[in-house]
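Only one structure is covered here, and it is reproduced in the block below.
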Number of protein chains: 2
Amino acid sequence: MARATVQDVAKTAGVSVGTVSRVLNGSPAVSASSREKVAGAIRQLNYRPLASARDLRRDRTMRVLALSKNLDSPVISEAFRGFGDAAAEAGYVSLIAPTSGDLEREQQLVDMLRNGSVDGLILFSPTMPDEDVEALAEQLSVVQVCEIVDSEAAFGVSIDDRQAAYDITRHLIRTGARRLAMIGNQAARSGRLREQGFREALSQAGLTAEQTLFATGTFDFHAGRRLARELLAMDRLPDAVFCGSDTVAAGCVREITDAGLRVPDDLAVAGFDDSIQAEMCVPELTTIRQPAYDMGRVAFQALLERMTGPGAHRRGRTFLPHELVIRDSTKIQ
Amino acid sequence: MARATVQDVAKTAGVSVGTVSRVLNGSPAVSASSREKVAGAIRQLNYRPLASARDLRRDRTMRVLALSKNLDSPVISEAFRGFGDAAAEAGYVSLIAPTSGDLEREQQLVDMLRNGSVDGLILFSPTMPDEDVEALAEQLSVVQVCEIVDSEAAFGVSIDDRQAAYDITRHLIRTGARRLAMIGNQAARSGRLREQGFREALSQAGLTAEQTLFATGTFDFHAGRRLARELLAMDRLPDAVFCGSDTVAAGCVREITDAGLRVPDDLAVAGFDDSIQAEMCVPELTTIRQPAYDMGRVAFQALLERMTGPGAHRRGRTFLPHELVIRDSTKIQ
DNA sequence: AATGATTTTGGAATCGATTCCAAAGCCCCG
DNA sequence: CGGGGCTTTGGAATCGATTCCAAAATCATT
């Protein structure tokens, strides 16, 4: 029992393929009686228009794709939810694919945009070099989220990572910390911006970083533990450590606690993202809330504009407001 | 600058479209000189075959899709990694889309299989009724993972949830627990199987459940806390509580600890999944390891068989071995 | 050099849905 | 009843890549 085609429906309904197509696409130029006959035939044959044929003719797919390294990041999963909701409202199907940081896999997925498998692309954390992102955005509909290449061609949505790191570092200083350390991720552009904000806040207070550690491989709970161990091995402990993510901060807190020290009394810890991990941690983490859901929504809006909008593409970045969330992993006042 | 077509490439290379297509598809029936000319033209025009045209003609897309409620579950993200790796090895592109438990969204995504946007579908946690899954699997290539409808037509991969719950409950009993409680998720088929295993282990030991609580909305950290509060309000505390997920167990541990009680001395806690949360928890959780990555791989293999295999489809379920991971949230010996 | 076998090529037909154009059908009004 | 305008319809052309068939080119052999 092969798939029914528009021809089969036309024959069954006793009309022409043109009429069937018109019914399918809600054209008003169809009589009620034809509409009914076609609807009946469609039901009878369990007909669905073949996507590839439709896409070929229409020259668009009504599908958009998001690429990220991982799926298990709370920020990404939340941003994708916003993206997906906005996409659905506009009649688009949204898909996501993890690249695992593998360039070849990423290329294969980006090719889906190049070969018209999807109409638009969201990049969360590209592995490819910046100039490739730029070249891609030059021709096709691409929007970056969280990690943004500062480019003419590409459009991006994120928080102001530098400012956010600045804000939370200032909070650490305000609560009395003088010897500050940082555990960051230099592999990510956002990580470098956060380092910058961290250093600016310090130098503005007349301080310098006591220690800055950067993960080499993954930036996760275990990395947090490992790097915290290095902090604990220092001759004189810092007062506070700013971590580039909640997950890493949680690892940090865990290692400190296991060593018999107390957070925040012996060593304050600050995270980033305000993911569920910040609340699961004991003590709960002071962190920066990223408006991930909204970032996703805004990203889709920008993508839609690029896909359908007039020639003049909107460019540059959009920064959404972040929020300092103060909890018990840092000292009071 | 419109997209180049196979016609353009043919003209530029000075050959026919047939030859271009043969080069694209690596047919041996092309002379070296033609091959070179075509390769040059492709590079010059930056040509990519249009997916929709190719898919239409070939009647397949080399794309597969996975559907799940959420993205942020560690089991799902890991299973999808296995699925994606296996897919890539076979030359398929794998995509994932969250449904948010919304039936309409799910239908729209399932339609991607019906209308040939993808060749196969993996279902992690369908929202649609069982008979719909079955009807779908009757006609098209569908494989279930984790949550499996026990059907003739559908093929599925999971662990033996009943047995796993039985095993971990027996461990609780072995370590001295007599008054056991459970916090589960009756909304999921796997949750119901786990409840069954829990009860079987109890009755085999001549015990009955002291308390069984089920989440009504989401099954997450906060739900764990909320339900743990109910346990703590009982006249006489249970010895141990089996939770249907690590995340919920973590919430449970947190609530118990905040109440000034100690895990496992006052109340032992067991989780499920062996996700990173099990290690982030203090004390770390005794739990059941699901071979999520392998489940994903096996699921793709099954899907591939359904997509390309001969008429006789493999049916039924495949159970992969789980593993009891003993940590500090349960008593020793 | 001719013949046959083999390799390589060109180009038309095809996949299925959409769209455009012309023709047919309908309605209304004088 | 005829004709101008409107609605509705049929069907061919189209989107771009693949594939099949026949023709052309090449090669080998005598």
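Chain identifiers are assigned alphabetically (A, B, ...) following the order of the sequence lines, protein sequences preceding nucleic acid strands; residue numbering begins at 1 within each chain.
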For the side chain of B:D8 and the backbone of B:T5, is there at least one donor-acceptor N/O pair under 3.5 Å apart? yes
Below 4.0 Å: OP1/OP2 of D:dT9 and any side-chain N or O of A:S31: yes
Interatomic distance, A:L50 CG vs D:dC15 C1' [rounded to whole Å]: 14 Å
Take the protein atom CG of B:D8 and the nucleotide atom P of D:dG16, then report the distance between them rounded to whole Å. 9 Å
Verify the contact: side-chain N or O of A:N25 to OP1 or OP2 of C:dA17, cut-off strictly under 4.0 Å; return yes or no. no
Write down the distance between CG (B:D59) and P (D:dA17), rounded to a whole number of angstrom. 18 Å
Protein-nucleotide distance (A:R35, atom CZ; D:dT7, atom C1'), rounded to Å: 12 Å
Check whether any side-chain nitrogen or oxygen of B:Y47 sits under 4.0 Å from OP1 or OP2 of D:dG16, and answer yes or no. no
Could you state the atom-to-atom distance from CZ of B:R3 to P of D:dT14 in whole Å? 20 Å
Pairing of B:R306 and B:D119 as salt bridge, 4.0 angstrom limit: no
N/O donor-acceptor pair, side chain B:R57 with base C:dG16, under 3.5 angstrom: no
Give A:T5 one of three labels, base, sugar-phosphate or nothing, depending on what nucleic acid heavy atoms sit under 4.0 Å from its own. sugar-phosphate
Considering every strand and a 4.0 Å limit on heavy-atom distances, what is the contact class for A:V20: base, sugar-phosphate, or nothing? nothing
Think B:R54 has a side-chain N or O under 4.0 angstrom from the OP1 or OP2 of D:dT18? yes
Counting the atoms with a prime plus P, OP1 and OP2 as sugar-phosphate, which does B:L56 contact under 4.0 Å by heavy atoms, base, sugar-phosphate, or nothing? base
N/O donor-acceptor pair under 3.5 Å between B:E106 side chain and B:T127 backbone: yes
Within this structure, what is the CD1-to-C1' distance between A:I42 and C:dA17, rounded to whole angstrom? 12 Å
Quick one: on DNA chain C, does B:A32 or A:V6 contact a more 5' nucleotide (nearest heavy atom)? B:A32
Quick check on C:dT8: is either OP1 or OP2 less than 4.0 Å from any side-chain nitrogen or oxygen of B:S34? no
Measure distances between side-chain N and O atoms of A:R58 and base N and O atoms of C:dT18, and say whether any donor-acceptor pair falls under 3.5 Å. no
Atom pair distance, as rounded to whole Å: CZ in A:R22 and P in C:dG16: 20 Å
Between the base of D:dG16 and the side chain of B:R48, is there any donor-acceptor pair under 3.5 Å? no
Within the side chain of A:R35, is there an N or O that forms a donor-acceptor pair under 3.5 Å with the backbone of A:V30? yes
Residue whose closest nucleotide on DNA chain D lies nearer the 5' end, B:S52 versus B:T19: B:S52
Does B:S16 put a side-chain nitrogen or oxygen below 4.0 Å from OP1 or OP2 of C:dG10? yes
Examine distances only and state if a side-chain atom of B:R81 and a backbone atom of A:N70 form a donor-acceptor pair shorter than 3.5 Å. no
What integer distance in Å separates B:D55:CG from D:dC15:C1'? 14 Å
Of all the choices, D:dT9, C:dT9, D:dT18, which nucleotide is nearest to the side chain of B:V17 once you look at every atom? D:dT18
What do the steps show when you test B:R63 against B:M112 for side chain to side chain contact (heavy atoms under 4.5 Å, CB included), and what is the final call? CA-CA 11 Å; B:R63 272 175 258 138; B:M112 290 188 64; 5.8 Å; no
